[in-house]
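Shown next, in structure tokens, is the structure this report addresses.
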Amino acid sequence: MRKILDLYQTTIGKKLVMASTGVVLLLFVLGHMFGNLKIFYGEEKFNHYAEWLRVMGAPLLGPTQGLWLARLVLLGCVLLHMFTALQLTILSYQAREVGYQKQHRITFSYASTTMRWGGVVILAFVIFHLLHLTFGSVHPKFVAGSVYANVINGFKVWPVAVGYLVAQAALGFHLYHGVWSGLQTFGIAGDRRQGDWRRPLSVVTALIVVVGYSALPISVMAGWLK
Amino acid sequence: MLINLTLHVWRQKGPKDNGRFVTYPALQINTHMSFLEMLDVVNEQLMEKGEEPIAFEHDCREGICGSCGVMINGLPHGPNPMTATCQLHMRYFKDGDEIWIEPWRAKAFPVLRDLVVDRSAFDRIIQSGGFISANTGNAPEANAMPIPKQIADRSMDAAVCIGCGACVAACPNASAMLFTSAKVTHLGLLPQGQPERYERVQRMIARMDQEGFGNCSNHGSCEAACPVGIKVDFIARLNRDLLKAKLCGAGTPSAV
Amino acid sequence: MELNAKIPGGSIQEKWDRYRFDLKLVNAANKRKYSVIMVGTGLAGASGAASLAELGYQVYCYSYHDSPRRAHSIAAQGGINAAKNYQNDGDSIYRLFYDTVKGGDFRAREANVYRLSQISLNIIDQCVAQGVPFAREYSGYLSNRSFGGAQVSRTFYARGQTGQQLLLGAYQALARQIGLGTVQMFPRTEMLDMILVNGRARGIVTRNLVTGEVRSHLADAVVLATGGYSNVFYLSTNAKACNTTAIWRAYRRGAGFANPCYTQIHPTCIPQSGDYQSKLTLMSESLRNDGRIWVPKQPGDTRTPPQIPESERDYYLERIYPSYGNLSPRDIASRRAKEAVDQGRGVGEMKNGVYLDFAEALKRLGNTVIGERYGNLFEMYERITGENPYEVPMRIYPAPHYTMGGLWVDYNLMSTIPGLYVIGEANFSDHGANRLGASALMQGLADGYFILPYTIGDYLAQGKFERIDSGHAEVRAVEDETRQRYQKLLSINGKRTVDSLHRELGKIVWDYCGMGRNDAGLKKALEQIPKLRDEFWHNVRVPGSGDSLNQALEKAGRVADFFEMAELLCRDALAREESCGGHFREESQTEDGEARRDDARFAHAAVWEFTGVDKAPTRHVEPLNFEYVKPATRSYK
């Protein structure tokens with residue numbers, strides 16, 4: 001623990017927290033996506049999967065214990081990711097008190113400059129998403145336990161679907177830079193003289209996530225899912 | 001060819017002065033001139049009028065000493081890649097162009113006057129560990145230890161850093177990671193640099209943070225701005241060395 | 001002025017070893033009680049300061065740059081010589097010694113040169129241990145190339161940036177000592193004068209370039225490592241700030257100035273492109289391996305290169321020197337280029353260059369091979385001139401580059417002022433009248449790492465140093481004098497800028513004391529320089545104040561000293577009525593225009609003693625004896 005705190009004192013240590021929590025969150029994003037795609041197998045299988053989420057870990061864990069454990073871990077990671085990002089942002093502003101009159105963007109990618117506000121967009125989406133499909137408080141036709149119906153009815157409201165797609169785009173950008181950046185922070189370097197594999201990996205990750213998630217609202221709006 | 005330009009130059013009397021942009025015409029500029037020669041001409045004219053010349057740092061004017069460096073229209077060292085300010089020539093500008101000239105901006109690089117900033121923070125990073133502790137006379141025969149050519153070449157890729165500070169100037173976070181990683185990589189790749197490798201990276205990072213440089217968000221602006229082509233891959237290497245040192249105790253007896 | 005070179009006895013191979021044994025040592029525990037001032041942080045200064053601090057002395061180190069790493073040693077491209085004989089091609093300490101004495105046209109001290117050759121081996125070892133990434137073979141062993149007309153491969157290099165890498169090595173060693181607190185570093189601090197107490201060098205007066213504060217710094221000994229004075233020509237390959245002030249002020253305080261007329265002109269620089277030109281850029285001499293040098297046969301030919309048929313081109317070096325051709329030594333290549341331009345056969349917009357043409361090599365070897373060899377140089381050339389050397393011939397012209405002259409030092413590297421040591425290019429050094437390629441880095445590091453640390457101990461061990469402080473009368477007198485000088489510069493408030501006067505001075509020196517020198521021209525220069533100096537002191541305009549960062553004021557102080565220095569340069573050139581190395585007197589040449597040495601009258605170092613600004617200095621001589629390398633005439637035909 002002392003070692004970790006010692007490391008956290010450095011800016012690189014803070015970046016490492018960003019990267020590590022990012023990995024956990026990315027794994028969740030991927031898992032959640034694969035779960036979502038079950039919707040294409042039909043209502044019964046999808047609801048069955050949703051029910052399993054509530055009882056996973058049985059018989060070692062009681063009902064919803066596994067779910068809450070996962071939620072706690074995720075919440076912890078989100079908070080750490082946000083808190084550290086805030087700290088790093090403050091440090092960045094402090095490192096340049098007087099800005100430039102003119103400054104050209106010469107970063108590798110546009111995505112890297114969207115990390116901060118992109119993160120905020122994702123956060124706002126996650127809150128809405130929880131209220132919408134987990135707690136149902138902003139879902140006019142929410143029926144507890146009818147997961148399939150809730151999703152279909154939810155996305156039939158087009159502003160919700162569009163907002164969902166916008167959030168996926170933000171997440172795609174976030175991952176496009178985040179995956180590459182995280183590998184860089186972990187010290188995993190590609191040899192760019194022979195073609196850096198990290199960039200293709202981040203493109204593929206971002207694409208999978210964006211396509212995987214967007215499939216739902218698009219299918220609902222197009223009427224493929226009923 | 002002769003061109004006419006309008007310059008907006010940051011003028012600041014001293015570290016405590018607030019500073020402001022002042023507009024000067026630069027007329028009849030020969031396009032064979034270097035950017036600094038253009039400033040020389042403007043300065044000569046200012047001095048003939050009894051005004052104080054624009055202070056800017058420069059020395060070798062061959063792109064190797066690292067003294068020069070200003071923000072030109074929002075780009076460190078100007079629009080030509082892999083070129084220090086002194087090697088930028090006026091043929092990259094058009095007649096009628098407006099040019100904004102600003103000093104490097106970073107808390108760790110306070111402005112001393114006009115375009116001159118204090119980069120001694122870089123020196124202090126080196127003093128904290130950017131060396132191999134080989135006293136004069138310690139050395140064994142030079143060829144006693146063969147070093148694979150690829151390793152020596154890679155080390156040289158990092159060693160060419162001229163310490164100009166463009167990486168810090170370009171970085172949205174004013175981070176000095178590219179500079180620091182270049183030195184860590186240069187010495188850390190060589191067998192001679194191994195004994196102090198992990199101690200070195202920890203000390204240099206501590207100093208870098210202490211100087212008030214920002215963190216690295218892996219934007220890559222530093223690499224794009226670097227006049228000698230230092231790559232951000234070295235930053236990954238630095239991160240790896242730091243993690244090994246801090247988490248795995250690399251370089252300490254317990255790791256053996 | 002007494003000139004005792006203190007060359008030790010014994011055979012040349014034994015001198016340095018025996019001498020080191022004879023040197024007095026300072027007890028390890030006592031070293032911290034002695035303090036040394038080091039002015040300059042180039043190869044010599046940084047290596048010297050670090051090495052002295054490692055031994056335990058208290059070191060105060062000064063640089064006018066923002067960081068020690070900016071010193072102009074950083075710009076050296078080619079490499080560093082060492083007699084390692086790694087190539088098994090017959091190199092040896094003796095051969096490096098022989099080549100250096102001969103290359104210096106028999107105007108260097110044999111004992112010093114031999115010591116330099118011996119130490120060259122340790123330098124490479126030391127640099128490798130510090131992490132200098134020298135070029136290597138696939139075997140992992142160090143790579144060498146041949147350089148500057150040497151018949152063996154003894155040059156170690158790090159791409160085209162050897163000076164940078166060696167300086168960073170020395171800088172890092174210095175940074176380590178600064179971090180440890182054994183060296184106190186004063187960046188952005190310029191030395192403006194010397195302080196002598198009871199005839200010994202005890203301190204310097206400096207100006208803080210940021211705050212303008214003028215103050216004294218005192219110690220037990222002073223070392224100058226402040227480089228050469230090529231900027232007396234205004235246009236040279238030296239960095240803009242390189243100046244003569246430190247050694248000039250020491251000269252004015254009594255240090256002998258030796259052989260100022262030995263200046264080296266480098267044959268392959270990019271010609272001036274206009275009046276605004278601020279400095280000249282050197283292109284590595286290696287280009288001459290594949291490039292052919294030519295000018296049109298007809299003066300005033302304005303055709304572009306492809307329009308000029310082979311029959312109307314004059315490949316003058318190949319014509320005059322069939323065996324060495326385009327690889328003739330630096331001084332010869334330079335002089336012949338000047339001759340062509342003077343005849344009106346120069347090329348380029350300003351008719352001030354000669355062609356260095358790769359067309360034939362490109363045809364023979366192809367763009368890829370030429371690109372591998374010279375790609376980065378071609379890029380650099382194109383960046384500066386906007387012309388692509390793959391398509392049009394390069395234009396080159398000689399430019400001042402290095403000065404072999406400097407403050408006279410004995411075998412200990414001590415000047416004629418006790419306690420004042422001078423190392424690197426600042427001393428009159430081991431290169432004689434001409435320096436061989438890749439030898440400057442060797443000499444700077446030899447002085448700093450391996451000679452000064454021993455010899456200065458001998459001086460410190462013998463001396464009893466009275467305590468002095470900044471209240472001492474001598475100290476205050478020099479401080480006040482300095483303040484007045486800078487106040488005077490600010491108060492003239494005339495009409496001309498410092499640069500315009502410096503340019504004019506440079507032109508006089510270049511025209512009359514550049515590549516070719518003659519009696520009438522030198523006398524003319526000696527008339528014009530004092531007049532221009534007078535104008536400087538009455539009509540210069542230095543805006544701003546002395547109590548802040550004022551680059552115009554910095555320059556003014558340096559140029560003021562160049563005005564005095566230029567006169568000495570011409571005076572020395574006038575007195576040396578022979579041609580040797582970098583000094584070519586038109587009166588002293590053979591029938592085919594080659595340099596003619598006059599060993600009977602001039603086999604000596606000329607050492608000048610200051611007697612007053614408007615008074616003629618006194619010329620002393622240190623005779624040079626050649627026991628091992630017998631003087632002979634160079635021939636490159």
Side-chain angles (χ1 to χ4, degrees), chain A residues 2-16 18-20 84-85 87-113 115-116 177-193 196 198-199 202, chain B residues 8 10 18-19 21 71-76 79 81 100 102-103 105-109 111 168-177 202 205-206 208-209 212-225 231-249:
Chain A
R2 198 185 55 78
K3 281 181 182 172
I4 290 172
L5 283 178
D6 185 32
L7 182 57
Y8 190 77
Q9 294 301 310
T10 68
T11 47
I12 298 173
K14 295 184 182 68
K15 290 295 296 181
L16 193 70
M18 295 299 290
S20 315
T84 313
Q87 241 189 338
L88 286 168
T89 306
I90 291 169
L91 281 174
S92 295
Y93 279 106
Q94 283 172 348
R96 178 169 293 134
E97 289 160 330
V98 183
Y100 291 105
Q101 179 79 19
K102 274 203 159 197
Q103 190 174 14
H104 264 276
R105 195 184 65 76
I106 47 171
T107 51
F108 285 166
S109 68
Y110 172 70
S112 72
T113 59
M115 293 305 271
R116 283 173 194 153
H177 180 67
V179 170
W180 187 87
S181 180
L183 288 166
Q184 178 84 358
T185 303
F186 286 127
I188 301 168
D191 189 335
R192 281 193 288 151
R193 288 170 301 184
D196 185 355
R198 294 176 300 171
R199 192 51 83 184
S202 56
Chain B
H8 304 283
W10 183 259
N18 277 331
F21 282 97
M71 206 73 170
I72 301 168
N73 282 341
L75 291 165
W100 292 80
E102 297 177 71
R105 301 267 187 212
K107 189 179 156 210
F109 285 174
V111 175
V168 174
C171 177
N173 309 328
S175 169
M177 284 283 273
Q202 295 186 67
I205 289 298
M208 182 189 85
D209 286 346
F213 291 105
N215 71 94
C216 175
S217 309
N218 303 316
H219 285 295
S221 308
C222 49
E223 183 181 304
K231 300 275 181 264
V232 296
D233 303 34
F234 300 143
I235 295 180
R237 198 169 192 286
L238 174 145
N239 288 337
R240 188 162 68 237
D241 276 5
L242 187 77
L243 299 189
K244 278 198 214 160
K246 293 277 190 196
L247 296 180
C248 316

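Lettering follows sequence order; numbering is per chain, from 1. Because only heavy atoms are used, hydrogens play no part in the values below, and waters and symmetry mates are left out as well, while side chains stay in.
Heavy atoms closer than 4.5 Å to chain B are found in both the backbone and the side chain of A:Gln101. For a residue to count as touching a neighbouring chain, one of its non-hydrogen atoms must lie under 4.5 Å from one of that chain's; by this rule A:Arg2 does not touch chain B. Looking at B:Ala245, neither its backbone nor its side chain comes within 4.5 Å of chain A, counting heavy atoms on both sides. For B:Cys171, the part sitting under 4.5 Å from any heavy atom of chain A is the backbone (N, CA, C, O) and nothing else. Heavy-atom distances place the side chain of B:Pro76, and not its backbone, under 4.5 Å from chain A. With a threshold of 4.5 angstrom between heavy atoms, B:Leu247 approaches chain A through its backbone and through its side chain. Contacts of A:Leu16 with chain B are made by side-chain atoms alone, with heavy-atom separations under 4.5 Å and no backbone atom involved. Heavy-atom distances place no part of B:Ala206 under 4.5 Å from chain A, backbone and side chain included. Residue B:Phe234 does not touch chain A at all, counting heavy-atom pairs closer than 4.5 Å.
Taking the side chain to side chain donor-acceptor pair (under 3.5 Å) definition, one finds that A:Ser112 meets it with B:His219, sequence neighbours left out. A search for side chain to side chain donor-acceptor pair (under 3.5 Å) contacts involving B:Glu102 returns nothing, not counting sequence neighbours.
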- Message: Let's go through B:Leu242 and A:Leu7 carefully: what are the C-alpha distance in whole Å and the side-chain angles of both, what is the deciding distance for side chain to side chain contact (heavy atoms under 4.5 Å, CB included) to 0.1 Å, and is it a yes or a no?
- Response: CA-CA 9 Å; B:Leu242 187 77; A:Leu7 182 57; 3.9 Å; yes
- Given the rule in the side chain to side chain contact (heavy atoms under 4.5 Å, CB included) test, do A:Thr185 and B:Leu243 qualify, once you have shown the distances and angles that lead to the verdict? CA-CA 9 Å; A:Thr185 303; B:Leu243 299 189; over 6 Å; no
- Task: Test B:Leu238 against A:Ile12 for side chain to side chain contact (heavy atoms under 4.5 Å, CB included), laying out the working first.
- Result: CA-CA 10 Å; B:Leu238 174 145; A:Ile12 298 173; 3.3 Å; yes
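Ranked by non-hydrogen atom pairs under 4.5 Å with chain A, the options B:Ala224, B:Gly214, B:Gly19 are led by B:Ala224. Here B:Ser217 is the residue among B:Ala225, B:Pro172, B:Ser217, B:Ser175 with the most heavy-atom pairs under 4.5 Å with chain A. Chosen from A:Val98, A:Leu91, A:Thr113, the residue pairing most often with chain B at heavy-atom distances under 4.5 Å is A:Val98.
In plain terms, the two heavy atoms of A:Ala95 and B:Ala174 that are nearest each other are O-CB, 3.6 Å. Nearest heavy atom pair, residue B:Leu75 against residue A:His104, reads CD2-CB, 3.5 Å.
Annotation: the span from B:Lys246 atom NZ to A:Ile4 atom CD1 amounts to 12.5 Å, rounded to 0.5 Å. We find the CG-NZ distance between B:Asn239 and A:Lys15 to be 9.5 Å, quoted to the nearest 0.5 Å. Distance check, rounded to the nearest 0.5 Å: CD of A:Gln184 to CZ of B:Arg240 gives 10.0 Å. Rounding to the nearest 0.5 angstrom, the gap separating the CD1 atom in B:Ile72 from the NZ atom in A:Lys102 is 12.5 Å.
The closest donor-acceptor contact from the side chain of A:Tyr100 to the backbone of B:Gly74 lies at 3.5 Å or more, if one exists at all. One N or O on the side chain of A:Arg96 and one on the backbone of B:Ala169 form a donor-acceptor pair closer than 3.5 Å.
The closest side-chain donor-acceptor pair between A:Thr11 and B:Asn215, if any, does not fall under 3.5 angstrom.
In A:Tyr93, the OH atom is not crowded: 12 or fewer heavy atoms of neighbouring residues, nucleotides or ligands sit closer than 6.0 Å.
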